2 protein chains.
Amino acid sequence: MLTQAAEDYLKSIYKLQEKGEKVSTGALAEYLDVKPASASGMIKKLKTMNLITYERSEGVTLTDAGSEIALEIIRHHRLLELYLNQALGVPWDGVHDEAEVLEHVISEEVEARMDAYLGYPTSDPHGSPIPDKNGVVQQTESIPMTELHSSQSCVVAEVSDDDSALLRHLGNFNLYPGTTFTVIDVAPFEGPFTIDIAGQEAVIGREVAKHIMVNNVKDT
Amino acid sequence: MLTQAAEDYLKSIYKLQEKGEKVSTGALAEYLDVKPASASGMIKKLKTMNLITYERSEGVTLTDAGSEIALEIIRHHRLLELYLNQALGVPWDGVHDEAEVLEHVISEEVEARMDAYLGYPTSDPHGSPIPDKNGVVQQTESIPMTELHSSQSCVVAEVSDDDSALLRHLGNFNLYPGTTFTVIDVAPFEGPFTIDIAGQEAVIGREVAKHIMVNNVKDT
DNA sequence: AAATTAATTTAGGCATACCTAAATTATATA
DNA sequence: TATATAATTTAGGTATGCCTAAATTAATTT
């Protein structure tokens with residue numbers, strides 16, 4: 001059995017790798033809020049377990065075995081987020097922290113039952129895809145809201161899950177995945193977006209907009 | 001924050017204390033399947049935290065602060081057992097092991113939501129009382145099934161929760177808490193019990209009967 | 001090519017929680 | 001009372017995972 005820390009490393013490596021970044025010891029340490037030396041030690045350990053490979057130029061790369069575990073943890077996390085939200089009514093800005101600890105201890109049996117209860121869902125409350133039992137991830141193309149222009153409409157696809165203040169803010173505007181909105185105006189010089197959501201007007205700052213991924217963009 | 005191990009010690013001390021036994025280092029070690037030296041070390045630690053007192057003659061005693069924590073963990077455990085069984089359909093012989101790890105990581109928020117979902121229940125799937133938020137335990141008087149005589153009827157009050165093979169066995173006879181049955185016959189020389197449950201006849205061995213607590217005993 | 005800067009690794013420490021084995025302290029029994 | 005037995009504690013060792021600080025290696029820049 002892997003330790004919780006090791007699982008967190010694999011999950012983080014997967015996420016960084018997904019972004020297309022080369023996963024250096026330092027980048028990994030920063031992501032995990034840990035000193036580079038600690039990351040270095042864990043990298044050595046995961047390497048001996050054949051869960052990652054490491055080369056100075058390439059950085060860390062997950063092996064197939066490593067990917068499998070990373071995806072399993074991510075699946076646990078996202079399924080838990082959705083379950084806590086749907087079954088227990090935990091607000092979407094609170095599910096991440098809860099899932100962060102439960103993901104390491106939940107059994108396959110309980111997970112399977114939550115999965116069935118939820119009807120084998122494919123995305124979590126923040127719009128992130130939930131890998132299936134075989135680790136297959138359903139990818140969707142989306143673009144950051146910052147690339148939108150005036151009078152374009154779109155659907156919220158995904159938002160960051162780890163900043164609860166941001167999530168509460170988005171929740172106030174009903175900016176959940178699946179919600180449709182139209183850009184009324186984009187202020188010049190990198191200014192904020194004014195949008196229309198179900199008849200309601202809202203102003204969304206640039207920094208916030210960066211964290212909102214959208215799709216189904218249409219000119220109106 | 002206490003460690004998981006420390007919480008397990010407090011919980012175990014509470015349970016042993018509840019039985020009226022004097023909680024010696026050795027008894028505690030045996031209960032936790034740990035060497036006496038390990039228990040000795042933890043006792044020292046818990047003592048410095050003022051969660052227990054210790055005297056050679058008396059053994060370990062929980063302080064008020066220690067009791068509070070023990071009851072909180074027990075509440076987590078039993079509420080989780082009931083939730084897993086009711087909300088997710090985990091069979092009653094499987095909930096103990098699941099709860100054993102979750103009890104240490106579940107948040108107060110999630111617990112409160114499970115509690116509300118279940119309608120503020122007072123006993124778990126095995127009939128054990130669930131302490132309320134303030135640590136108040138609703139006590140019920142019950143006697144071991146082994147004290148019953150022929151033609152007495154009774155209601156199952158509580159069964160041990162940690163032996164899954166036993167629980168599966170009892171489940172086969174529908175011997176869940178709340179179930180009524182009548183003793184048809186008690187074989188002589190410490191022999192097995194023949195009982196009637198909803199018209200069905202079943203033979204229950206003495207060793208098994210020891211683990212079944214009953215109440216509402218009536219002569220028929 | 002040499003020197004500066006950045007990234008990485010090693011070395012040494014801390015805390016938790018477990019273990020075994022030996023020493024100690026109580027409690028019975030003869 | 002002295003000895004045997006049982007219970008308990010101490011001492012020393014394991015492993016994990018974190019830390020800081022120093023040493024090393026690689027990549028830039030001059």
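All values derive from a computational prediction rather than experimental measurement. Every chain is numbered from 1 and lettered A, B, ... according to where its sequence line falls, protein lines coming before strand lines. Side chains are part of it too, since the values below use all heavy atoms of this structure and drop only hydrogens, waters and symmetry mates.
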Below 4.0 angstrom from OP1 or OP2 of D/dT20, is there any side-chain N or O of A/Lys35? yes

Quick one: B/Asp33 CG to C/dA17 C1', roughly how many Å, whole number? 15 Å

Does the side chain of A/Ile73 come within less than 4.5 Å of A/Tyr14's, by heavy atoms? no

In whole angstrom, what separates A/Ile43's CD1 from D/dG17's C1'? 15 Å

Using a strict cut-off of less than 4.0 Å between a Lys/Arg side-chain nitrogen and an Asp/Glu carboxylate oxygen, indicate whether B/Lys133 and B/Glu72 qualify as a salt bridge. no

Atom pair distance, as rounded to whole Å: NZ in B/Lys47 and P in D/dT9: 7 Å

Using heavy atoms and a sub-4.0 Å distance, could you list which residues of residues 7-17 of chain B are near DNA chain D? By number, please. none

Measure from CD on B/Glu30 to C1' on D/dA6 and round the result to the nearest Å. 14 Å

With heavy atoms under 4.0 Å as the rule, sort A/Ser38 into base, sugar-phosphate or nothing. base

Going by atom types only, do B/His76 and B/Glu108 share a side-chain donor-acceptor pair under 3.5 Å? yes

Let me know the distance between NZ of B/Lys44 and P of C/dA15, rounded to the nearest Å. 14 Å

Do we see a donor-acceptor contact under 3.5 Å between the side chains of B/Asp161 and B/His96? yes

So, is B/Ser40 close to the D/dT10 phosphate, meaning a side-chain N or O under 4.0 Å from OP1 or OP2? no

Over 60° means perpendicular and under 30° means parallel, so tell me whether B/Trp92 and B/His126 are parallel, tilted or perpendicular. parallel

Checking C/dT10, D/dT9, D/dC18 against the side chain of B/Thr25 (C-beta onward), the nearest is D/dT9

To the side chain of A/Lys45, which of C/dC18, D/dG17, C/dT20 is closest? D/dG17

Separation of atom CE in B/Met49 from atom P in C/dA15, rounded to whole Å: 14 Å

Calculate, to the nearest 0.5 Å, the distance between atoms CD and CG belonging to B/Glu111 and B/Leu80 respectively. 7.5 Å

Pair A/His104-A/Asp8, side-chain donor/acceptor within less than 3.5 Å: yes

Separation of C/dT25 P from B/Glu55 CD (nearest whole Å): 19 Å

Which of the following nucleotides, D/dT8, C/dT9, C/dC18, is nearest to the side chain of A/Tyr54? C/dT9

Starting at CE of A/Met42 and ending at P of D/dA15, how long is that distance when rounded to a whole Å? 16 Å

For B/Ala39, answer base if it contacts any base atom (sugar-phosphate contacts may also be present), sugar-phosphate if it contacts only those atoms, and nothing otherwise; contact means non-hydrogen atoms under 4.0 Å. nothing

